[in-house]
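Notes to accompany the following structure.
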2 protein chains.
Amino acid sequence: MSTKTSNEKPGSIRARSEAVILAAAQKEFILQGYKGATVQSIADTAGLPKANVLYYFKNKENIYHAVLQLTLDTWDRGIGDIDSSQGPVVAIEKFIAAKVKMSFEHPQASKIYAMEIIQGALHLKEFARTYLRQWVREKAKLFQVWIDNGEMKNVDPVKLIFLIWSTTQHYADFETQILTIMNRADYEEDDMTQVTEFLTDFILRGCGLKP
Amino acid sequence: MSTKTSNEKPGSIRARSEAVILAAAQKEFILQGYKGATVQSIADTAGLPKANVLYYFKNKENIYHAVLQLTLDTWDRGIGDIDSSQGPVVAIEKFIAAKVKMSFEHPQASKIYAMEIIQGALHLKEFARTYLRQWVREKAKLFQVWIDNGEMKNVDPVKLIFLIWSTTQHYADFETQILTIMNRADYEEDDMTQVTEFLTDFILRGCGLKP
DNA sequence: GTCTATAGCTGGATAGAC
DNA sequence: GTCTATCCAGCTATAGAC
């Protein structure tokens, strides 16, 4: 993971343009889907002429790949690891907190990722088959050790990981629905805190790590 | 909810064609997105000429609306209610079982719904603002009564509903990822049973309804 | 590096024969 | 009710002036 997308000086005109385009593209791909997002709409959102966008990225497919790469880098930076040094309670607490933070701070990344998976993960199959599968197996092993040592209840570790993923990502992917149901325009300051507390509390109890 | 999409005789040629087209459209809309799915591709999947598809549905937008309506009807039939007559344990058990069943038996419906929400819920805002918001408030009130009566732990009822939705739907929406990680081609017979058991067990414990 | 113009193609939708 | 042919809008991508 963490493959640098490009490697020019950070302040350069190219670097800045690419960043603006990618942010615009991410937004458009989420709202309109791959086919629905047009190079023109991406350019408009980025505030650049269409030709410039194609000058930097050659073609639409390349833009999409760059957006996906950005998404995976974000994922990796946000929750690349589980801290297993201090036992299951701390590990789960930190893991949930990191995932919730990701969902509230980078909902776009979560949404792009979710859409890719729902649509069959054509571009992410390789990522899932290698990196992600490995990741899940490693972390599941950690949990299994704690279970075998009687440090936590016997809950299927893989299903536990899926549960933590789904409950945390939900606040990013289903943002629109959650806000509509709660009759609110945006998440507020302490929504993230409350969600983190609720999920940590609930999941620790589910793992038999809390009264 | 439960608005009949059309009302001709079930055996009629029109009824059969419409059903075939909608099933094909659902598949295509998931795989390619709204813009990416072409009337031609829907027709091909349905095994009909393009003109016939447009003969039945007038235009692409109408096909999509019909698919969404079908999705909401499925949602409604599957988990339209929570049985509150026998206390929180039975209510939660039945609710989880119904949602998991939905996810394994109608993953397409869940996927179409998820994509709509992720993309901003343009077509479902009204459904969420009225029906869904009301539904959540009613059910939350049930949980609140049980909490006030000391029949279950004090967990935020709305967040609990979101948690049950997210964990159950995950097995439909992220099907591809789950199967890839577990290195399997398809879900098998007892996957549904195991997931139901795991989630029921875990969530009841989270609610303080199990040792 | 920026932008205009346009070639070339795809796809939605209709007309009209059967 | 079924299907072919076709029109036209909109999109990607490139050529080339500045």
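Protein chains get the first letters and strands the later ones, always in sequence-line order, with residue 1 at the start of each. No hydrogens, no waters, no symmetry mates; every other heavy atom, side chains included, goes into these values.
- The shortest side-chain heavy-atom distance between A:Ile63 and A:Phe29 falls under the 4.5 Å cut-off.
- Considering only heavy atoms from C-beta on, B:Ser84 comes within 4.5 Å of B:Trp146 through its side chain.
- For B:Asn52, counting side-chain heavy atoms from C-beta on, the closest listed nucleotide (D:dT2, C:dG1, C:dC3) is D:dT2.
- Here the side chains of A:Gln194 and B:Lys159 are in contact, with some heavy-atom distance below 4.5 Å.
- At whole-Å resolution of the value, CZ in A:Phe57 and P in D:dT14 are 16 Å apart.
- Other residues, nucleotides and ligands place no more than 12 heavy atoms under 6.0 Å from the NZ atom of A:Lys27.
- By the 4.0 Å N-to-carboxylate-O rule, B:Asp73 lies too far from B:Arg77 to be salt-bridged with it.
- Put simply, CZ on B:Arg16 is 14 Å from C1' on D:dT2, counting in whole angstrom units.
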Legend entry - Per-nucleotide protein contact string for nucleotides 11-17 of chain C (B base, S sugar-phosphate only, - none; heavy atom under 4.0 Å): SBBB---

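- Here the C1' atom of nucleotide D:dT2 and the CZ atom of B:Arg14 are 13 Å apart, to the nearest Å.
- The side-chain heavy atoms of B:Leu160 and B:Met152, taken from C-beta on, include a pair separated by under 4.5 Å.
- As a whole-Å value, the separation of B:Tyr55 OH from C:dC18 P is 19 Å.
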